[in-house]
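The next block holds one structure in the form of structure tokens; read it before the comments.
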Amino acid sequence: MKKIVFLTGAGMSVESGFKTFRGNDGLWEDFPVEQVASHEGWEADPTLVTNFYNMLRKKLWAAQPNEGHRLISQLEADFEVTVVTQNVDNLHEKAGSTKVIHLHGELAKVCSSRDPYNPKYIRELGPDDSDIAAGSKAGDGSLLRPFIVFFGESVPMIEPAALEAGKADVFVIIGTSLNVYPAAGLVRYVRPGCPIFLIDPDDVGSGGYRDITHIKRGASEGMRELCGILKEMK
Ligand code: OAD
């Protein structure tokens, strides 16, 4: 089976009701990224950060995957599929994708602020215990924090993601402005000769280092078009 690796960003979930981060009406317009998504912001005001992710988490339970998410998961019938996502929602999993690597964490989880990746202290939340009260503690006594990779922190999942990118027979980028590293650098691990597709309604600067076929559409429509192309590549 041929292997397809997807790299997805905020645009993937727009048709499911989530906002993108940058550009007009982006989330970072209303909530300064330095305050709610940086390591310094967390240190300065953990309550504000906790409340911000409580608010986002509420939207998560109501959100449904869109056709784009579903078409990606259906490709598992004919291809080996890995999804590398910058999104903290769980819509790829909800749509049925079985191999999802979250580069920037997961909204549905909270962790220890002292030892964020220690599985002992990672807790999965559900709709009934969605809100974290300010000052709540993790199992190790440190402040409980959202399981989100803040700016200024390392991105440990980039290593498995780069390994996957290096094994791809087809690489597909959907709905990311490719502004944030190391995620934006993943495309550099793709083998020479591996076709790269980009699905995004807008122009995205990809550094121009490789031929990229741009399907200039939203995620669902773009995925429909891509599935037609992939049929010939099975
Ligand atoms: P951005 O907001 O930077 O980019 C979103 C991209 O989605 C843009 O290129 C849009 O043109 C595109 N887009 C808009 N509507 C779309 C649609 N219907 N279908 C497909 N694409 C669409 O979001 P990201 O690149 O994902 O990190 O941002 C990367 C990281 O920056 C995020 O993971 C987040 C943020 O700060 C953290 O929170 C750690």
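Just follow the structure's listing: the first ligand is 1, and inside any ligand the first atom is 1.
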I'd like to know if Lys58 and Asp131 make a salt bridge, using a cut-off of under 4.0 Å between side-chain N and carboxylate O.
yes
Name the residues in contact with ligand 1, where contact means a heavy atom under 4.0 Å away: which are they?
Gly9, Ala10, Gly11, Val14, Glu15, Thr20, Phe21, Arg22, Trp28, Gln86, His104, Val149, Phe151, Gly175, Thr176, Ser177, Val180, Asp200, Pro201, Asp202, Val204, Gly218, Ala219
Solution key, residues 178-185 side-chain donor-acceptor pairs under 3.5 Å, sequence neighbours excluded:
residue, atom, partner, partner atom, Å
Asn179, ND2, Ser177, OG, 3.0

Check ion pair Glu80-Lys2 (N to O, under 4.0 angstrom)
no
Would you say Gln35's side chain and Pro32's backbone share a donor-acceptor pair under 3.5 angstrom?
no
Hits for side-chain hydrogen bond (donor to acceptor under 3.5 Å, both in side chains) against Thr8, two or more places apart or cross-chain, chain-then-number order -> Thr85, His92
Side chains of residues 155-166: which donor-acceptor partners sit under 3.5 Å, not counting sequence neighbours?
residue, atom, partner, partner atom, Å
Glu164, OE1, Lys3, NZ, 2.7
Glu164, OE1, Thr82, OG1, 2.7
Glu164, OE1, Lys99, NZ, 3.3
Glu164, OE2, Lys99, NZ, 3.4

